[in-house]
*Asks:* 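Please find one structure pasted underneath; my questions will follow.
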Amino acid sequence: MNDTAVTLPFPREPKYGQAEKDAVLKLLDDGHLSEINLGPATNALEAAFARLTSTRHALSFNSGTASLHAALHAVGASPEAGVAVSPMTWVSAITAVFQAGSYPVFCDIELDSPNIAATAVAGAADACSAVLATHTWGIPARMDQLAAATELPIVEDCSHAHGALYQGRAVGSWGAAGCFSLQESKAVSGGEGGVLTTMDRQVYERALTLGHHPVRLAAELTLPDLLPFATTGAAYKYRMPALSAVIARQQLRSLPDRMLAAEQNLATLRKVLEEYDAPVTWPSIGELSVRGWYGTPLTIGVRVPDPAELSRRFKAAGVPVRSLYEDWTQAPLLQRPDLAARFWPHLARSPYRPPTREELPNFHKAMRQMIVLKVPQIPAPDYMEQVAEALAAVLVRTLVTA
């Protein structure tokens, strides 16, 4: 086992297949690549996401970040009170809070998952106007516990979790709004793009005013306090290109098969790792829950003295680890309000306070102990067996004998 390494290539199919190519060519033949109203391409994608999440409304954007900005605006994020956010997320989920005119209040993650902890949210609620909960690496956040912890509106960041369920209910339907990214690395991609889902007509219309064309606003706005915006909106250019919409629509069709293959691959990985008694654990999602597929987080059960060296050894053995996110909380943009205020002047007058490492012990432990694997979305049992054997071998050499 000491010389074990992955020799098979990472199993993959082309990201965009014949169905996506046909949809693009049809759109080019039709000659309409921009839809300022609710055109056929965006209408079909929005309807598909509403069905995926069992919500009443879905609204397309040109990026997942734009959908977060619109959602936070729609639920009333405030400059006087912050937005509770997790540090275990991509930086856009943090800067979207600034864009929406508020500021982040960092809350620690759970001990046994990469997601924001309900207890931390409860402790920060008095200083907040909303909660932004990321379903990190596709692991559904415990939405029932978050809802019980606060009456604040919750925006779900579903950018890692297309098709995921929590306790039998789709992510993107639990909170006041759900936000999906369609960036190329995601399970459903349009190249770029985003979708907001909600059950609330007011949230939908408020989000619509932020970045959609007056033609669509005039056709869809019904709430009296929003009608004055029908001719202008806020004039952000947040519409999704029709090309992105038709590509993502085809990607949604293949999502169930790809999710099933990834689940079977993970089962193979777990079985072999258990046979080797490897010191790793997986986040528990519950019997009625289904995870999304952006990355697979594993926690090393013995102390990792040097995470960078462990990652180097995994990569040398061919184990498909992906990099964890940076510790954004310690980045200059988050530590120096004067820098952030250059982009978002409201911060100069806000109660924003840079976070300290001591406030987020579970997050910093996870940054040392957690690895994230890429799992193929086509059947690959032989490859997954090699990955498990190589992963176990690296752990034995690096940790158990340390």
Side-chain angles (χ1 to χ4, degrees), residues 1-6 85-91 106-120 123 134-142 160 266-285 291 294-331 334-335 355-375 384-402:
M1 183 167 153
N2 285 346
D3 297 322
T4 302
V6 179
V85 299
S86 168
M88 184 72 79
T89 189
W90 179 245
V91 69
F106 287 96
C107 295
D108 206 1
I109 64 174
E110 298 178 321
L111 269 172
D112 60 348
S113 99
N115 291 321
I116 194 169
T119 52
T134 301
H135 301 291
T136 309
W137 308 119
I139 304 300
R142 294 187 171 103
H160 298 179
L266 180 60
T268 299
L269 179 82
R270 291 188 65 163
K271 181 176 184 295
V272 178
L273 287 176
E274 287 168 358
E275 290 173 354
Y276 281 111
D277 199 24
V280 296
T281 59
W282 291 260
S284 173
I285 63 171
R291 52 154 306 149
Y294 185 59
T296 298
L298 309 178
T299 299
I300 308 300
V302 294
R303 191 180 189 282
V304 177
D306 187 343
E309 174 62 15
L310 181 62
S311 178
R312 187 194 67 76
R313 294 190 180 192
F314 278 139
K315 290 178 180 178
V319 178
V321 291
R322 61 181 305 159
S323 298
L324 287 174
Y325 291 136
E326 298 287 335
D327 179 2
W328 309 118
T329 70
Q330 301 304 303
L334 277 301
Q335 284 294 313
T356 66
R357 292 178 60 89
E358 291 71 28
E359 293 171 320
L360 304 166
N362 294 346
F363 167 66
H364 286 103
K365 180 179 180 181
M367 291 290 284
R368 187 184 72 240
Q369 298 295 128
M370 183 180 291
I371 62 171
V372 178
L373 296 181
K374 293 180 285 187
V375 171
M384 295 311 298
E385 287 181 6
Q386 282 198 354
V387 168
E389 291 167 357
L391 191 154
V394 170
L395 289 178
V396 167
R397 289 198 303 269
T398 306
L399 301 176
V400 176
T401 60

*Asks:* Where is the tightest heavy-atom contact between V280 and I300, given as atom of each residue plus distance?
*Replies:* CG1-CD1, 3.8 Å

*Asks:* At their closest point, which heavy atom of G295 faces which heavy atom of V372, and how far apart are they?
*Replies:* CA-CG1, 3.7 Å

*Asks:* List the atom of A278, the atom of A392, and the distance in Å for their closest heavy-atom pair.
*Replies:* CB-CB, 4.3 Å

*Asks:* Would you check if T281 and L298 make a side-chain contact, meaning some heavy-atom pair closer than 4.5 Å?
*Replies:* no

*Asks:* Say you draw a straight line from CG of L391 to CG of L273; how long is it, rounded to the nearest 0.5 Å?
*Replies:* 5.5 Å

*Asks:* Given the rule in the side-chain contact (heavy atoms from CB on, under 4.5 Å) test, do L334 and F106 qualify, once you have shown the distances and angles that lead to the verdict?
*Replies:* CA-CA 11 Å; L334 277 301; F106 287 96; 3.9 Å; yes

*Asks:* Partners of K365 by salt bridge (Lys or Arg N to Asp or Glu O under 4.0 Å), sequence neighbours excluded?
*Replies:* none

*Asks:* My understanding is that only residues two or more places apart in sequence, or in another chain, count here; which of them pass side chain to side chain contact (heavy atoms under 4.5 Å, CB included) with P361?
*Replies:* D108

*Asks:* Return yes if some donor-acceptor pair links the side-chain N/O of H135 with the main-chain N/O of P140 below 3.5 Å, else return no.
*Replies:* no

*Asks:* Applying side chain to side chain contact (heavy atoms under 4.5 Å, CB included), can you list everything that pairs with E110, at least two apart in sequence or on another chain?
*Replies:* D112, S113, A117, R142, Q145

*Asks:* Which salt bridge (Lys or Arg N to Asp or Glu O under 4.0 Å) pairs, counting each pair once, include a residue from residues 310-323, with sequence neighbours left out?
*Replies:* E309-R312, E309-R313

*Asks:* May I have the step-by-step check of side-chain contact (heavy atoms from CB on, under 4.5 Å) for V6 and F314, ending in yes or no?
*Replies:* CA-CA 10 Å; V6 179; F314 278 139; over 6 Å; no

*Asks:* Keeping Q369 on the side-chain end and V302 on the backbone end, is there a donor-acceptor pair under 3.5 Å?
*Replies:* yes

*Asks:* To check you understand the geometry: which heavy-atom pair defines the closest contact between S323 and W137, and what is its length?
*Replies:* O-CH2, 4.1 Å

*Asks:* Begin with the C-alpha distance, continue with both residues' side-chain angles, and end with the deciding distance and a verdict on side-chain contact (heavy atoms from CB on, under 4.5 Å) for T136 and I109.
*Replies:* CA-CA 10 Å; T136 309; I109 64 174; over 6 Å; no

*Asks:* Quick check for you: to the nearest 0.5 Å, what is the distance between H364 atom NE2 and E359 atom CD?
*Replies:* 10.0 Å

*Asks:* W90: which residues meet the ring-ring contact (aromatic ring centres under 6.0 Å, His included) condition with it, sequence neighbours left out?
*Replies:* Y325, W328

*Asks:* Roughly how far, to the nearest 0.5 Å, is the CD atom of E389 from the CG atom of L269?
*Replies:* 10.5 Å

*Asks:* Taking all heavy atoms of L360 and all of C107, pick out the closest pair and write down the distance.
*Replies:* CD2-C, 3.8 Å

*Asks:* Under the salt bridge (Lys or Arg N to Asp or Glu O under 4.0 Å) test, which residues partner R357, sequence neighbours left out?
*Replies:* D327

*Asks:* Got V321 and L373 here, is their nearest side-chain heavy-atom distance under 4.5 Å?
*Replies:* yes

*Asks:* Report the distance from atom CE of M384 to atom CG of L266, rounding to the nearest 0.5 Å.
*Replies:* 7.0 Å

*Asks:* Please find the pair of heavy atoms, one from P283 and one from P297, that lie closest to each other, and give the distance.
*Replies:* CD-O, 3.3 Å

*Asks:* Using side-chain heavy atoms (C-beta onward) and a distance below 4.5 Å, is R270 in contact with W282?
*Replies:* yes

*Asks:* Could you tell me the separation between the OG atom of S311 and the CD1 atom of I371, rounded to the nearest 0.5 Å?
*Replies:* 8.5 Å

*Asks:* Can you list everything that forms a salt bridge (Lys or Arg N to Asp or Glu O under 4.0 Å) with E275? Sequence neighbours excluded, please.
*Replies:* K271

*Asks:* Go through the structure and list residues passing side-chain hydrogen bond (donor to acceptor under 3.5 Å, both in side chains) with R291, not counting sequence neighbours.
*Replies:* none

*Asks:* List the residues meeting side-chain hydrogen bond (donor to acceptor under 3.5 Å, both in side chains) with T89, not counting sequence neighbours, and say none if there are none.
*Replies:* T134

*Asks:* Which pairs count as side-chain hydrogen bond (donor to acceptor under 3.5 Å, both in side chains) when at least one residue sits in residues 298-308, sequence neighbours excluded?
*Replies:* none

